[in-house]
Amino acid sequence: METMILLDLMGAVALLLWGLHMVRTGIIRAFGSNLRRVLATALRNRFTAFLAGVIATALLQSSTATALMTSMFAAGGLVALVPALSIMLGANVGTTLIVQVLSYNVSAVAPVFFLAGFIGFSWGKKTWVRDIGRVAIGLGLMLVALHMLLDTLAPAEDAPSVRALLAAATGEPLLCILIAGVLTWAAHSSAAIVLLIVSLAYSHFITPLAALALVLGANLGAAVNPVLEGGRADNPATRRVPIGNLFNRVVGTALVLPFLPKLVSMFVDFEPNPARMAADFHTAFNVVLALGFMFVLDPLAAGLTRLFPESKQSADTSAPLYLDETVIGTPPLALAAAAREMLHMGDIVETMLRDTITALITGDRKLVAAISRMDNSVDRLYEAIKLYVTKVTRESLDDQDGRRALEIISFAINLEHVGDIIDKNLMELAAKKIKHNYAFSKEGAQELEAFHARVLNNLKLAFGVFMSGDVRVARALIEEKANLRTAELAAADNHLARLREGRPESIESSSLHLDVLRDLKRIHSHICSVAYSVLEAAGELEPSRLKRTDDILALPNTPPLTESDQRG
């Protein structure tokens, strides 16, 4: 009998964890990108950050996911450390809310969740509707699991060995804290373990003192996972937020533990129901902890900054800086990391492009070699980004995240092509100019510099389009593409005019001059490609720029296309 009870108990816990997993993944897929933007916006002061932490974690049902997002923002310098620590205080409160709801006997509504979830998941036409259906099914599974726990524990009252085992394991508060901490770490969910504690307390398998001690252990265990998963060995600063959150929990537990017997008598008088008492203590502990630490976050942040200083950037520019493998299972976070790595790659391409004109005009051999070496870094970063985003797409992505993944890959491909054009074409032209001691005419050099400056400025504009998705800026970039085509023709005409004048510099550098213009124009085409996906998503692109055939035939005296016209 004892064996069957233990198997039933483990099965119910497994079902509870799976239901919680469905709730979490459904929320992340439906609202993950929006939650990330809310967190980034709210992390301006400690009070709005606290509220954002409560809301985000109440939805995600994972303080670990909130911690990973917050650590990424803080380590990247996007937000200050104090609001980041404050959001974790809010996350600790937010994760208690579902325990409060499910600690009541609400299992009767499980069929409603299953029905609504099945309808949304099976027949929802939009991705977010199907994701919400997944959330509803997960909630239904959690309610069924809790009902199974209570049904399983009821006959266990007649099994003395089970009762003796639980009594021995929960006899000492410190042992309770250790057991609950390990279970929470293994389950990656404080909510699931606290709900298990609530079920045990309801069935009188554990004493009120043991229930409160187990709740303290669950809170400690929940703070361990972000420490183990959220830090990067090459950057100690990524550990500030999770270590600060763990410090808060350790201090809170150490302060509460000596007064636990008195707190038990207080909570028993306030709430005789042992299940509700455990849930109320879980919420009260985190609320009081948040109030206590809210106004001492500044010295805590200063201490964490000294203990975990920002690491110096690696001299190897080809090493990825932001591709965090621990967040691949959370597509919005992973795509944000990939986008930041894209900007790292873009910085190298921008440096290559900026130095290209100097290498061409001055004939600096060392600069030519340095630019070629930078292309190797671009190639390696491109491969790393491509592999990382490919791993992300193995997860189920919603339409928005799927489109973002394609944008990142597309822009990475185009930047890699820009690097190749600079290395394989423009640097070869620079080497040829140095070898033959060619020189551009004064006017020709000025034209190339002006043309190059426009391309460089538009590369910076493309980075803005990539990050913001601003339709107005995307239109401006496409319009600049047409303007640059006109500028190329004008520069070529001016060069030909100088050839007709018989200028020696123009004659000897004629091929170089026109090839540089051509390659800069090719680079500009790759740069502008980032705008097309933004305009397409906004519905501002025509299917084709070609006129319809019937419109052409309707034009009077339209000569047929010759073979040379068709080729050109």
Side-chain angles (χ1 to χ4, degrees), residues 24 28 35-36 39-40 42-43 46 49-50 52-54 56-57 60-96 181-182 184-191 193 216-254 285-286 289-290 293-294 296-311 321-330 332-334 336-337:
R24 184 182 306 143
I28 287 175
L35 283 174
R36 178 170 52 84
L39 287 178
L43 284 169
R46 68 188 71 192
F50 174 80
V54 173
T57 311
L60 290 174
Q61 282 311 306
S62 173
S63 58
T64 301
T66 306
L68 291 175
M69 280 191 273
T70 308
S71 298
M72 185 179 67
F73 292 140
L78 299 179
V79 296
L81 185 55
V82 168
L85 292 170
S86 182
I87 207 170
M88 288 311 303
L89 294 176
N92 298 336
V93 174
T95 196
T96 70
V182 172
T184 305
W185 165 76
H188 280 63
S189 172
S190 62
I193 299 304
L216 288 178
N219 279 277
L220 271 180
V224 172
N225 283 315
V227 174
L228 299 179
E229 299 179 9
R232 282 175 26 206
D234 61 334
N235 187 4
T238 59
R239 297 191 178 275
R240 292 173 184 169
V241 172
I243 290 290
N245 182 50
L246 179 61
F247 176 78
N248 293 343
R249 298 284 186 103
V250 169
V251 170
T253 301
F285 173 75
N286 284 285
L289 202 63
F293 273 95
M294 184 67 73
V296 295
L297 291 179
D298 293 288
L300 176 60
L304 290 168
T305 302
R306 284 195 298 271
L307 284 173
F308 303 99
E310 189 74 40
S311 64
L321 300 178
Y322 308 107
L323 301 182
D324 189 351
E325 295 287 336
T326 64
V327 298
I328 282 183
T330 309
L333 297 183

Self-check item: Where Ile87 and Ala49 come nearest, the two heavy atoms and their spacing
Solution: CG1-O, 3.1 Å
Self-check item: For Val182, all residues meeting side chain to side chain contact (heavy atoms under 4.5 Å, CB included), sequence neighbours excluded
Solution: Leu178
Self-check item: Nearest heavy atoms of Ser190 and Thr95, plus distance in Å
Solution: OG-OG1, 3.7 Å
Quiz item: By side-chain hydrogen bond (donor to acceptor under 3.5 Å, both in side chains), which residues pair with Asn286, not counting sequence neighbours?
Solution: Asn219
Self-check item: Pairwise distance OG1(Thr305) to CZ(Arg240) - rounded to 0.5 angstrom
Solution: 4.5 Å
Quiz item: Taking all non-hydrogen atoms of both residues, which atom of Ala290 and which atom of Phe50 are closest, and how far apart?
Solution: CB-CE1, 3.5 Å
Quiz item: Ala337 and Leu323: which non-hydrogen atoms are nearest, and at how many Å?
Solution: O-CD2, 4.1 Å
Quiz item: What are the two closest non-hydrogen atoms of Ile193 and Ala218, and how far apart are they?
Solution: CG2-CB, 4.3 Å
Practice problem: Taking side-chain hydrogen bond (donor to acceptor under 3.5 Å, both in side chains) as the test, write out the residues that go with Asn245, two or more places apart. | Solution: Asn92
Quiz item: Can you find a pair of side-chain heavy atoms, one from Leu307 and one from Ile243, that are under 4.5 Å apart?
Solution: no
Self-check item: Closest contact, heavy atoms only, Val241 versus Ala84
Solution: CG2-CB, 3.7 Å
Exercise. Please examine the side chains of Phe285 and Thr253, heavy atoms only from C-beta on, and report whether any two atoms are closer than 4.5 Å.
Key: yes
Quiz item: Nearest 0.5 Å, what's the CZ-CZ distance between Phe247 and Phe293?
Solution: 5.5 Å
Practice problem: For residues Val224 and Leu220, determine if any side-chain heavy atom of one lies less than 4.5 Å from a side-chain heavy atom of the other. | Solution: no
Please set out all donor-acceptor pairs under 3.5 angstrom arising from side-chain atoms of residues 296-303, sequence neighbours excluded.
from   : atom 1 : to    : atom 2 : distance (Å)
Asp298 : OD1    : Arg46 : NH2    : 3.3
Asp298 : OD2    : Arg46 : NH2    : 2.8

